[in-house]
Structure formats: structure tokens, C-alpha cells
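As the structure is a computational prediction, the values presented were derived from the model and not from experiment.
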Amino acid sequence: LYSSAASDVYKRQIMMSENTKLLALLDTVIDCYLDKGEPVGSKFLNSLEAVDYAPSTLRKYLNALEKQGMVYQPYNSSGRMPTLQGLSAYLDTALAEQPEEVDFQLDTARKGLKSLVEALGEVSDGVVVGFIRNDEYYYLGINNLLRDDMIDEYSATRTIIRFIEEKKIVAFIDKKILKNKEVYYTFVNDQETLISCVYVKVDFDGYDAVLSIVWPLRVNYKKNIAILKKVLESLAH
């Protein structure tokens with residue numbers, strides 16, 4: 001298991017605060033990797049309007065990110081891919097930002113937890129799991145595992161379905177002390193498959209409930225975080 005911790009976050013902030021340009025470049029590298037699903041090279045980055053560095057400077061910054069353990073090269077002369085440490089720094093930044101606008105009306109889903117999970121399943125990037133602690137839970141979003149880019153991910157698909165159906169996610173989150181109005185993330189290694197999970201605790205009709213979005217590592221984290229922040233904001237009114 002690999003989860004965020006205050007001390008780890010503090011260390012990463014100290015390390016990355018020395019050069020905000022590195023953090024911005026890391027964000028760009030990970031955005032490109034999540035979009036393309038392949039190592040991101042310096043030539044590709046140099047072609048982006050958002051990256052305004054000379055090739056030599058870009059290579060220097062990428063090497064610095066690699067030395068700090070944020071990215072790695074899966075083979076010689078390849079582009080870079082994010083490490084779990086790099087993804088953690090990326091998610092810490094996303095959690096601190098104002099969420100992007102999401103076309104999602106929570107009012108239509110207040111009839112019950114199941115309805116809320118169904119509404120989230122329509123807009124999220126992943127499998128939505130919702131459960132009331134010590135009670136039955138619902139999940140939706142399995143159809144997302146059947147989309148075109150998941151056809152070749154048969155092993156990951158089976159692992160995630162089993163992870164949900166065997167209620168491993170419930171047992172994992174249920175042990176944690178969660179604060180209200182906070183979005184959390186974690187990475188779980190299950191059956192040699194890395195699974196990402198962002199989740200929140202909400203008060204649902206007087207009961208503690210948990211909403212989470214589960215997926216392999218390559219997922220639209222910013223969108224999912226924005227959705228969960230929107231849920232927290234809407235339920236607070």
C-alpha cells in the first residue's frame with residue numbers, strides 16, 4: 001500500500017519549492033502521460049506552447065526531476081514516465097487548486113446514496129464506489145472498464161472488479177480516520193496491479209458515508225478531484 005502522509009507531503013513541498021518551474025514541468029509531463037499513455041519525450045514537450053524552454057534547459061529540468069525521483073525512463077533513450085512519488089506531488093498540487101468547473105447537478109441525486117453514486121458514475125473517469133460505514137454499499141461505473149482504451153487491459157480490469165466485488169476497498173478505507181471536507185488519495189497494489197483511488201467522507205442522512213473513484217494509475221485525476229470537491233461543496237449547503 002502507498003498512501004499520502006503529512007511528513008511525506010512536507011518533504012516533497014520543501015524539495016519542489018526550490019524551483020516552481022520544475023513543479024510546473026512535472027505537471028505538464030504527467031498531464032501528457034495521462035493523456036497519451038506512453039513515455040513523454042523532450043522533443044514532444046518542446047513542441048508544446050505551454051513549455052517555453054530551450055531544449056538544453058528542458059533536458060536539464062527533466063534530469064533534475066529524474067534525480068528527485070519524480071519521473072523515470074522505462075528504457076534507455078525513452079521519454080519519461082511519472083513515479084508514484086511524482087504522481088503524489090501532482091495530486092497534492094491538484095488538491096490545493098481550485099477545482100475546475102464540472103457539469104454536475106447534485107440536487108437531482110439527493111434521493112439516496114445509490115442515486116448519488118449513479119449520478120457520479122455518469123461524469124467520473126473511473127469506477128465509483130459508495131458505501132455507508134458498517135452497512136451495504138453500492139457501486140457503478142463498471143461500464144467504464146469496457147471503453148476502447150481498456151480493451152488491452154484485461155488483467156487490470158479483472159483486478160479492479162475483484163477489488164470492488166470482494167469489498168477490499170471498503171475494508172481498506174473503513175480503517176482510516178477521515179475528516180469532513182477533505183479529498184484523499186491512495187495507491188493500492190493488489191494482485192500486482194497498481195490501483196488509484198480518490199475518496200471523501202460525506203454525511204449522508206446522519207450516517208458516515210464514503211464516495212470513492214477507483215481506476216488504474218492512468219486516469220483523469222484532476223477531473224475526479226473536481227467532482228468530489230463539488231460534491232463536498234454541494235452537500236455543505
Side-chain angles (χ1 to χ4, degrees), residues 1-5 8-53 55 57-75 77-102 124-127 144 147 149-150 153 156 160 183-189 193-199 212-229:
L1 302 179
Y2 186 103
S3 59
S4 59
D8 292 336
V9 172
Y10 179 74
K11 290 177 183 177
R12 287 197 297 272
Q13 288 174 339
I14 292 296
M15 179 175 59
M16 297 304 294
S17 64
E18 296 177 359
N19 195 332
T20 56
K21 292 182 179 180
L22 282 179
L23 188 58
L25 181 60
L26 176 65
D27 192 79
T28 301
V29 170
I30 294 180
D31 279 340
C32 292
Y33 166 72
L34 295 176
D35 181 56
K36 296 170 66 64
E38 58 187 36
V40 181
S42 57
K43 289 184 179 179
F44 175 78
L45 289 169
N46 196 49
S47 70
L48 301 177
E49 292 184 5
V51 179
D52 188 21
Y53 301 128
T57 302
L58 185 57
R59 287 192 294 272
K60 181 181 74 172
Y61 284 170
L62 288 171
N63 287 334
L65 286 173
E66 189 167 356
K67 288 180 180 178
Q68 292 177 357
M70 297 295 178
V71 298
Y72 74 99
Q73 290 181 292
Y75 52 89
S77 302
S78 76
R80 266 75 169 186
M81 296 173 63
T83 63
L84 286 185
Q85 183 177 344
L87 279 171
S88 296
Y90 173 86
L91 283 164
D92 290 336
T93 300
L95 289 172
E97 293 175 345
Q98 289 296 321
E100 61 188 54
E101 289 298 321
V102 179
S124 68
D125 187 24
V127 179
N144 286 342
R147 67 194 197 191
D149 61 339
M150 291 299 293
E153 299 290 339
I160 290 176
V183 180
Y184 297 87
Y185 70 87
T186 193
F187 305 110
V188 181
N189 192 341
T193 296
L194 281 169
I195 300 172
S196 67
C197 180
V198 291
Y199 54 99
S212 59
I213 304 175
V214 183
W215 201 246
L217 285 188
R218 193 163 69 88
V219 67
N220 192 333
Y221 293 100
K222 291 182 178 178
K223 178 181 180 180
N224 289 340
I225 288 172
I227 288 171
L228 293 182
K229 282 188 174 182

Checklist entry - Minimum heavy-atom separation for Cys197 to Val214, with atom names? => result SG-CG2, 4.2 Å
Checklist entry - Distance-only, no hydrogens or angles: does the Ser212 side chain make a donor-acceptor pair with backbone N or O of Val198 under 3.5 Å? => result no
Checklist outcome for this item: In Val29, Ile30, Leu25, Asp31, the residue satisfying side-chain contact (heavy atoms from CB on, under 4.5 Å) with Asp27 is Asp31
Next on the checklist: I want to check a possible cation-pi pair here: Lys21 against Tyr53, using under 6.0 Å from ring centre and within 45° of the ring axis as the test.
Outcome noted: no
Checklist entry - Which atoms form the tightest heavy-atom contact between Cys32 and Val40, and what is the distance? => result CB-CG2, 3.8 Å
Item to check | Rounded distance (nearest 0.5 Å) linking atom CG of Leu45 with atom OG1 of Thr28 | outcome: 7.5 Å
Item to check | Any donor-acceptor N/O pair, Arg80 side chain to Gln73 backbone, under 3.5 Å | outcome: no
Checklist entry - Which atom names give the shortest non-hydrogen contact between Ser124 and Ile227, and what distance separates them? => result CA-CD1, 3.5 Å
Checklist entry - Nearest heavy-atom pair of Ile213 and Gly126: which atoms, and what distance? => result CG2-CA, 4.0 Å
Checklist entry - Between atom CZ of Arg59 and atom CD of Glu66, what is the distance when rounded to the nearest 0.5 Å? => result 14.0 Å
Checklist entry - Would a distance-only check, ignoring hydrogens and angles, find a side-chain to backbone donor-acceptor pair under 3.5 Å from Ser196 to Phe187? => result no
Next on the checklist: Using the side-chain contact (heavy atoms from CB on, under 4.5 Å) definition, which of the options Ile195, Leu84, Leu34 pairs with Leu217?
Outcome noted: Leu84
Item to check | Least distance between heavy atoms, Leu95 atom then Tyr185 atom | outcome: CD1-CD2, 3.8 Å
Item to check | Flag, side chain of Asp125 to backbone of Val219, donor-acceptor distance under 3.5 Å | outcome: no
Checklist entry - Yes or no on side chain to side chain contact (heavy atoms under 4.5 Å, CB included) for Leu26 and Thr93, after CA distance, side-chain angles and deciding distance? => result CA-CA 11 Å; Leu26 176 65; Thr93 300; over 6 Å; no
Next on the checklist: Run Tyr90 and Lys222 through side chain to side chain contact (heavy atoms under 4.5 Å, CB included) and show every step you take.
Outcome noted: CA-CA 9 Å; Tyr90 173 86; Lys222 291 182 178 178; 3.4 Å; yes
Next on the checklist: With heavy-atom distances below 4.5 Å as the criterion, would you say the side chains of Pro216 and Ile160 are in contact?
Outcome noted: yes
Checklist outcome for this item: d(Met81 CE, Arg218 CZ) to nearest 0.5 Å is 9.5 Å
Item to check | Check against side chain to side chain contact (heavy atoms under 4.5 Å, CB included), Val71 and Tyr33 | outcome: CA-CA 11 Å; Val71 298; Tyr33 166 72; over 6 Å; no
Item to check | Leu22 vs Gln68, side chain to side chain contact (heavy atoms under 4.5 Å, CB included): CA-CA, chis, key distance, verdict | outcome: CA-CA 10 Å; Leu22 282 179; Gln68 292 177 357; 3.9 Å; yes
Checklist entry - Relative to each other, are the rings of Tyr184 and Tyr199 parallel, tilted or perpendicular (30° and 60° limits)? => result parallel
